[in-house]
Amino acid sequence: MIIVLKPAISGEEKQKILDKISALGLKTIVSQGVERSIIGVIGEEDVLRVQPFEAYPGVEQVIPILSPYKLVSQEFKKEPSVIVVRGVPIGGKDVAVMAGPCAIENYELLRDIAREIKRCGAQILRGGAFKPRTSPYSFQGLGEEGLKMLQQVGEEFNLVTVTEVMDPRNVGLVCRYADILQIGARNMQNFDLLREVGKAKKPVLLKRGLSATIKEFLMSAEYILSEGNLDVILCERGIRTFETFTRNTLDINAVPAVKQLSHLPIVVDPSHATGKWGLVIPAAKAAVAAGCDGLIIEVHTHPEEATSDGDQTLNIATFERLMREVRPVAAAVGRAM
Ligand code: PEP
Ligand code: MN
């Protein structure tokens, strides 16, 4: 249920309503719009229905939210959310570009990659320090050492940073070093982890699970928002289908579908969606044409030597071409890149 407050409501009256709701044992999330604020109320709707909230003079309207995802839905918030991370907007007119290696391998290499992606126009540096590998014998990432490198290199090149957190116990640690917390596809329904990043004060990049429906994807985002963290960026990264030529199948439908259902920004990861570097540029073009708010691309100075995901990783020249070729597509749909 959402309670829309009148623009002129006093702070005291607003607090009275918040106190009343919490006395009923329900949780509130306040979203401050340009003109009016709205209170999202989470919990048993039956408890709420009997309360005449419309009787408060400062309340404009009480609206039940019918969709299963509440805070994520457009019923809760109509205008698209723009998440600004250290001055970089995600969800506005600009198409944000995140790029970097699958895994952070060493300081010099990360620095070389960061310098090049910055030159090509990316604003956000990606790189995994905790890697969710299919095999326990594969390289698992550099852990905290990798996080330190990411922070240092991000600062040097003035790039926002994004990196995966896999374990709820490491959320605090990753928050100390990175600007955006990534939840990987394999952890999309790790509800303890979602709750933990929901309590964090950093934006979250939530990747769609390998076989998650759009509804399940949005319900996972709801976990994060319900803990008070409204800064969630969704990421379509391909889903499992019967097709084996590509690593996953890019569900391009997810982009406009999410735009219709939610106010949250959605970015696309054509690297994991295709698994083949030669398909990344056309998939990125399709994603931008479909209206995504950003791209996350695996880039390496020497993909053939990368410790993970080399097959889907662009070298610098190809990433430069991606930027050159995707920009006119963005312009064609009224976006800037
Ligand atoms: C990644 O971004 O490197 C990654 C592991 O992605 P996903 O969780 O989408 O597989
Ligand atoms: Mn990867």
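Remember, it's 1-based here, ligands and their atoms both numbered in the order they're listed.
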Under 4.0 Å from a heavy atom of [X]: give me the atoms of ligand 1 that qualify, with their elements.
X    : value
R186 : 7 (P), 8 (O), 10 (O)
A185 : 7 (P), 8 (O), 9 (O)
C102 : 3 (O)

Is there any N or O on [X] that sits under 3.5 Å from an N or O of ligand 1?
X    : result
Q182 : yes
G184 : no
E164 : no
K207 : yes

What protein heavy atom sits nearest [atom], and how far away is it?
atom                   : value
atom 2 (O) of ligand 1 : R126 NH1, 2.8 Å
atom 4 (C) of ligand 1 : H272 NE2, 3.4 Å
atom 9 (O) of ligand 1 : R237 NE, 2.6 Å

Determine, using heavy atoms of G128 and all atoms of ligand 1, whether some pair is separated by less than 4.0 Å.
no
Could you check whether any heavy atom of E298 sits closer than 4.0 Å to an atom of ligand 1, since that is the contact criterion I want to use?
yes
Heavy atoms of other groups near [X] [atom1], more than 12 under 6.0 Å:
X    : atom1 : answer
K16  : NZ    : no
K27  : NZ    : yes
R240 : CZ    : no
R169 : CZ    : no

Relative to the ring of F191, is the ring of Y223 parallel (under 30°), tilted (30 to 60°) or perpendicular (over 60°)?
parallel
Would you call the rings of H302 and H300 parallel, tilted or perpendicular if under 30° counts as parallel and over 60° as perpendicular?
perpendicular
Does the E222 side chain pair with the main chain of K70, one donor and one acceptor, at a distance under 3.5 Å?
yes
State the atom name: nearest N, O or S atom of D309 to the Mn ion (ligand 2).
OD2
E164/K207 salt bridge by N-O under 4.0 Å criterion:
no
